[in-house]
Each structure stands twice: as structure tokens, then as C-alpha cells.
Amino acid sequence: AQKVTQAQTEISVVEKEDVTLDCVYETRDTTYYLFWYKQPPSGELVFLIRRNSFDEQNEISGRYSWNFQKSTSSFNFTITASQVVDSAVYFCALSEARGNFNKFYFGSGTKLNVKP
Amino acid sequence: EPEVTQTPSHQVTQMGQEVILRCVPISNHLYFYWYRQILGQKVEFLVSFYNNEISEKSEIFDDQFSVERPDGSNFTLKIRSTKLEDSAMYFCASTWDRVSPLHFGNGTRLTVT
């Protein structure tokens, strides 16, 4: 079974539209961490946000916001008023403790196309 | 801001050749990882390294793969005899502690011909 599921393979929107990227995770741990990474066309992986399992407060950073809901095991990412520069592949990830380190599980990514 | 550095950015090699991918993690980080991403696909875990030993490795990380931290600053991934299916982007990552985000390098694109 997938630890992190990003059901949306690809989304296309027109600039200034809002868009939500879905992420559903699976874990039996009580302590875990969730992340979003952005991979622009240039290929690097850029960290966007981390949430720990004890903090269900939603977070807003500029046009980005994240909705963490433990009840549905979801950690969704919304971009408000999307821009062409937001075009990228976005990965959701889960981190669980494993012995002396944490193991990270990545979803398969959602490719976001923002058209002018 | 300190960053993870990977060299080379692109490596082309012939099938059966050995390659060494190099990484310089952020200097005070303690946990080191290699991931790979076949073009257009997901980011796959290869190996984690802590306290000078492998913490965990995936089934991809078979006997053809090895990692080393030879001098306290570099972290290398060696593929002993490359196969066509090893063609991918290889990412090095490091973290300060167990719960911090992974800081990724810009990757090395390996092309096996």
C-alpha cells in the first residue's frame, strides 16, 4: 500500500485561479511529519513546509496555504491566485521514525500547469 | 544559506562502467540520504547514512551500489557496473536531525548508454 497518495497526476489551471493539490497519507505512528516539496522544470527539489502530527493548525504563507486534517489523513496544499511561476511538480512526503533515523516516503507528485 | 552541493550535474557513462556521484552535504548535518528519480516519475529512496554507517537501504540499493563518507565532508554514491535502467536523476540530501526537512542538492543526471 502507498504511504503517500497524490491522486491528481496533473492539473491545469489558468493564471489567477485557485488550485488545491491533494495528499493522503497512511501511518500507524502517533508522531510523524508531513512535507511539501516543489520541483520546478529546472529539476531541483525545494522544501516548502513541514508539519508535525501534533500540530493541526492550518498554515498560510503568502499565496500558499496548507490544510492538515488527521481525521481524514490528509495534508492538502492550496495555491491562491496561481501564477505561471507556480508551474512545477509538487510532492507530498511523510516522515516516520525508524531506529536512529527518519524515513521519508514521497508521493508520486502532482504536475501543476499554470497557463497565462 | 548553506546548501547541499552535487557534482557532476550530468554524467554520461557506458553500460558496465563504474560511476561515482559526489555530494557535499551541509556542514553541520548528521543524516545523509540518496534518492533517485527516473524521468517523470516519483522520488525513490535508495539509502540513508548516519554515524558512518548505512541506516537503511531500499531494494533498489543492491550489491552494485555503495556509499561512503571518506573525509567528513563528502558523501559519495558508487555504482559499480552501471545498467541502462540506472539512468535517472540522483539526489543527495542531508538533515541536521531526524525530524528536520531533507535539504536536497540539485541532483546529478546519470545517463547510461
Side-chain angles (χ1 to χ4, degrees), chain A residues 2-10 21 23 25 27 29-55 59 61 66 75 88-113, chain B residues 1-6 8-10 23 25-26 29-61 67 88-111:
Chain A
Q2 294 274 8
K3 298 286 275 185
V4 179
T5 301
Q6 294 180 255
Q8 304 150 309
T9 307
E10 189 164 351
L21 310 182
C23 173
Y25 62 92
T27 182
D29 292 6
T30 52
T31 302
Y32 53 90
Y33 298 82
L34 296 164
F35 303 82
W36 276 94
Y37 284 83
K38 174 181 179 179
Q39 187 174 43
S42 49
E44 69 272 26
L45 285 161
V46 180
F47 163 71
L48 295 177
I49 189 172
R50 179 189 73 169
R51 303 302 283 169
N52 72 53
S53 51
F54 297 109
D55 183 1
E59 179 149 344
S61 175
W66 291 270
F75 185 44
V89 180
Y90 291 86
F91 291 95
C92 180
L94 164 72
S95 167
E96 295 176 325
R98 286 291 176 270
N100 63 2
F101 80 109
N102 268 37
K103 188 164 181 181
F104 288 75
Y105 302 89
F106 283 81
S108 53
T110 296
K111 183 175 183 182
L112 175 64
N113 302 305
Chain B
E1 186 177 322
E3 54 184 34
V4 176
T5 306
Q6 287 187 246
S9 56
H10 192 187
C23 170
I26 295 172
H29 283 191
L30 301 175
Y31 297 80
F32 313 109
Y33 301 78
W34 282 101
Y35 284 80
R36 81 171 187 190
Q37 184 182 32
I38 294 171
L39 188 62
Q41 298 187 25
K42 68 190 298 182
V43 179
E44 300 176 292
F45 169 75
L46 292 178
V47 66
S48 58
F49 192 88
Y50 169 72
N51 202 24
N52 285 319
E53 60 183 17
I54 290 175
S55 302
E56 185 167 333
K57 55 186 179 180
S58 72
E59 58 192 29
I60 302 169
F61 194 91
V67 289
M89 180 75 95
Y90 288 80
F91 290 102
C92 173
S94 67
T95 65
W96 158 243
D97 60 24
R98 297 173 52 157
V99 302
S100 295
L102 293 173
H103 292 262
F104 285 94
N106 286 344
T108 293
R109 180 168 298 285
L110 177 65
T111 303

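Letters go in sequence order (proteins before strands), and every chain restarts at 1.
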Heavy-atom proximity to chain B below 4.5 Å, by part of A:Ala97: both
Proximal component of A:Phe35, with respect to chain B [non-hydrogen, under 4.5 Å]: side chain
With a cut-off of 6.0 Å (strictly less than), are more than 12 heavy atoms of other residues, nucleotides or ligands near CD of B:Glu59? no
Is the count of non-hydrogen atoms from other residues, nucleotides or ligands lying under 6.0 Å from B:Lys57 atom NZ greater than 12? no
Without placing hydrogens or testing angles, list every side-chain donor-acceptor pair under 3.5 Å for residues 105-112 of chain A, not counting sequence neighbours.
residue, atom, partner, partner atom, Å
A:Thr110, OG1, A:Gln8, O, 2.6

Exercise answer: donor-acceptor pairs, residues 98-107 of chain B side-chain atoms, under 3.5 Å, sequence neighbours excluded:
residue, atom, partner, partner atom, Å
B:Arg98, NE, A:Asn102, OD1, 3.2
B:Arg98, NH1, A:Gly99, O, 2.8
B:Arg98, NH2, A:Gly99, O, 3.2
B:Arg98, NH2, A:Phe101, O, 3.4
B:Arg98, NH2, A:Asn102, OD1, 3.3
B:Ser100, OG, B:Asp97, OD1, 2.5

Rounded to the nearest 0.5 Å, what separation is found between the CD atom of B:Glu56 and the NZ atom of A:Lys103? 3.5 Å
Using only non-hydrogen atoms and a strict under-4.5 angstrom cutoff, which residues of residues 44-52 of chain B touch chain A? B:Phe45, B:Ser48, B:Tyr50
Quick one, B:Phe91 with A:Gln39, criterion side chain to side chain contact (heavy atoms under 4.5 Å, CB included). Give me CA distance, side-chain angles, the key distance, then yes/no. CA-CA 12 Å; B:Phe91 290 102; A:Gln39 187 174 43; 3.6 Å; yes
Would you mind listing every salt bridge (charged side-chain N to carboxylate O under 4.0 Å, His left out) that reaches into residues 38-51 of chain A, with sequence neighbours excluded? A:Arg51-A:Asp55, A:Arg51-A:Glu59
